[in-house]
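For reference, the structure discussed in these notes is given below.
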2 protein chains.
Amino acid sequence: MNDRTAKSTAETPIRLLIVDDHPVVRDGLSSMFASAPGFEVVGEAADGAAALRLAKRLQPDVILMDLRMPGMDGLTAITELTRLGVTARVLVLTTYDNDTHVLPAIEAGATGYLLKDSPREDLLRGARAAARGEPVLSPSVAARLMNRVKTPAPQLLSQRELEVLELVAAGNTNREVAARLFITEATVKSHLLNIYAKLGVGDRAAAVAEAFNRRLLTPR
Amino acid sequence: MNDRTAKSTAETPIRLLIVDDHPVVRDGLSSMFASAPGFEVVGEAADGAAALRLAKRLQPDVILMDLRMPGMDGLTAITELTRLGVTARVLVLTTYDNDTHVLPAIEAGATGYLLKDSPREDLLRGARAAARGEPVLSPSVAARLMNRVKTPAPQLLSQRELEVLELVAAGNTNREVAARLFITEATVKSHLLNIYAKLGVGDRAAAVAEAFNRRLLTPR
DNA sequence: GTGGCGATCCACCGATCGGTGGATCGCCAC
DNA sequence: GTGGCGATCCACCGATCGGTGGATCGCCAC
């Protein structure tokens, strides 16, 4: 809460909050960054709840966040930070390069991740990149992200069926779809029944959801 | 179609297909990669249609693909390659670091992109990474990808409304939703009407689609 | 503690949807 | 050129959905 004016150096230092349940890790990271130029460690926390409190009060630029912690874990903390609109960039700290845990953190709002046992230079560079808002990702995680947006385009539905489904997703009634496609309402229903069979669903709402799941429809 | 056996070197070279409508660019890239160890340029094409034909016949490991071309453009060609199940990794070649054109290419199935005027070493490294299936992305494009999967979580719908919508998206009728939530069908409808009003839609199918668009529901 | 607001809950009714049972057309393999 | 298959097209009917018009409850600000 104390008013600090640290613009003596040419560049304002990057304010760090370190969150890890192991004191040894906290101390190690803290001393590493404290001794590096351009960084200032403004706080440490041992679990997600403490991290949330400190983040709100200290307004750090970058939060180094462990995922596995007692009490509120890192993923929940990141979700909360995002929900609260905290602007700090979150760098996830992982022990191993375990993608499956990292991806949900990215989706929750993390800017990237670092391995705890990365070389000192990598940690400093990653934190600086995060402070600039740049992602810090390994190729394997980046590849997983790409797969999430790639359209497999399995051509499961015919072109006409996809047209019908898109119009239904846009809120058109069967009659409106028919008018737009210059066919009768009965034909629209027939297409819809084929769509239901192909997608394994029983109504239009489930068909739309399944189409998004299968990337047949993509969020705009 | 000629049977080639190029396993004289310790490692099989990376087979490249170069696609660009400018002969100068093709020649430049071709000679650059031909003179580099570990690469073999197996073909060149001047537009998307030719690229498709050659890709199917030559089965290259990596395709260097320009986006702006007369006739079939690069984006369409990438979409077709993905649809046809061609296993070649596609590296998009861009003149400028214009993210907006690159992202759709990534979504269509490209492994990454390179700037045409990148240093020789970057081009070689990028092509090798692509051959291994690793993404080749600049931080700005990676950041855009991340934003696509991040959940803004605007808490637009109440918890109960989201529950109802999820059950509707799963194909439940109003009566089934009511039974699962231990409320009456009338209450389910009331929730749905509130959902429609909040999302600005008029029926359940459009509500599901809009929820995916706003990341209130996410593909599984 | 009172007002206001959103979330949650409920009943009745016309419009729409999904189910059943078909027909025609074009394309590809044999 | 014939068979088979999927895409596209169509009519009738019971079940479900969305629209209208409400009531109650809990929470927060004043």
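For clarity, every value in this text was computed on a predicted model and none was experimentally measured. Letters go in sequence order (proteins before strands), and every chain restarts at 1.
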Under a 4.5 Å cut-off applied to non-hydrogen side-chain atoms, are A/L157 and A/K198 in contact?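 A side-chain contact under 4.5 Å exists here.
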Hey, are the side chains of A/L64 and A/V62 touching, using non-hydrogen atoms and a 4.5 Å cut-off?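 They are in side-chain contact.
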Are [X] and [N] close enough that a side-chain N or O sits under 4.0 Å from OP1 or OP2?
X	N	value
B/S158	C/dG6	no
B/R160	C/dC9	yes
B/N174	D/dT16	no

Would you please name every residue forming a side-chain contact (heavy atoms from CB on, under 4.5 Å) with A/S190, sequence neighbours left out?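 Scan of A/S190 (side-chain contact (heavy atoms from CB on, under 4.5 Å), adjacent residues dropped) gives A/N194.
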Can you tell me how far [atom2] of [N] sits from [atom1] of [X], to the nearest Å?
X	N	atom1	atom2	value
B/L181	C/dC9	CG	C1'	13 Å
A/E163	D/dA7	CD	P	14 Å
A/N172	D/dG18	CG	P	14 Å
A/R175	D/dC17	CZ	P	19 Å
B/D203	D/dG19	CG	C1'	13 Å
A/L165	D/dA7	CG	P	14 Å

Could you tell me which residues satisfy salt bridge (Lys or Arg N to Asp or Glu O under 4.0 Å) with B/E163, sequence neighbours excluded, listed by chain and number?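 Counting only residues at least two positions away or on another chain, B/E163 forms a salt bridge (Lys or Arg N to Asp or Glu O under 4.0 Å) with B/R160.
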What dot-bracket string describes DNA chain D from 5' to 3', counting Watson-Crick and G-U wobble pairs whose defining distances are under 3.5 Å, with [ ] for crossing pairs and | for pairs to another strand? ||||||||||||||||||||||||||||||
Measuring from the side chain of B/T173 (C-beta onward, heavy atoms only), which nucleotide among C/dT16, C/dG18, D/dC17 has the closest atom?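 For the B/T173 side chain, the nearest candidate turns out to be D/dC17.
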Taking only heavy atoms on the protein side, list every residue of residues 182-198 of chain B lying under 4.0 Å from any atom of DNA chain C, sorted numerically.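 The answer is B/I183, B/T184, B/A186, B/T187, B/S190, B/H191, B/N194, B/K198.
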All N/O contacts under 3.5 Å from nucleotides 23-27 of chain D to the protein, with atom names and distances to one decimal?
none

What are the two closest non-hydrogen atoms of A/F39 and A/L16, and how far apart are they?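 In this case the closest contact between A/F39 and A/L16 is CD2-CD1, 3.8 Å.
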Donor-acceptor contacts, no H, no angles, side chain residues 127-137 of chain A, under 3.5 Å, sequence neighbours left out:
residue: A/R132; atom: NE; partner: A/E134; partner atom: OE2; Å: 3.4
residue: A/R132; atom: NH2; partner: A/E134; partner atom: OE1; Å: 3.4

Check step by step if salt bridge (Lys or Arg N to Asp or Glu O under 4.0 Å) holds for A/K116 and A/D20. CA-CA 11 Å; A/K116 283 184 194 175; A/D20 199 299; 3.1 Å; yes
Using distance alone, with no hydrogens and no angle criterion, decide if A/S30 and A/D27 have a side-chain donor and acceptor under 3.5 Å apart.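 On atom types as modelled, these side chains do not qualify, holding no pair under 3.5 Å.
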Out of A/H191, A/E185, A/K189, which residue meets the side chain to side chain contact (heavy atoms under 4.5 Å, CB included) rule with A/T187?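 The passing option is A/H191.
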Among B/D21, B/D47, B/T94, B/L29, whose side chain to side chain contact (heavy atoms under 4.5 Å, CB included) with B/D66 holds?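 Exactly one pass, corresponding to B/D21.
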Rounded to the nearest 0.5 Å, how far apart are CD1 of A/I63 and CG of A/L93?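 Output value for this atom pair is 11.5 Å.
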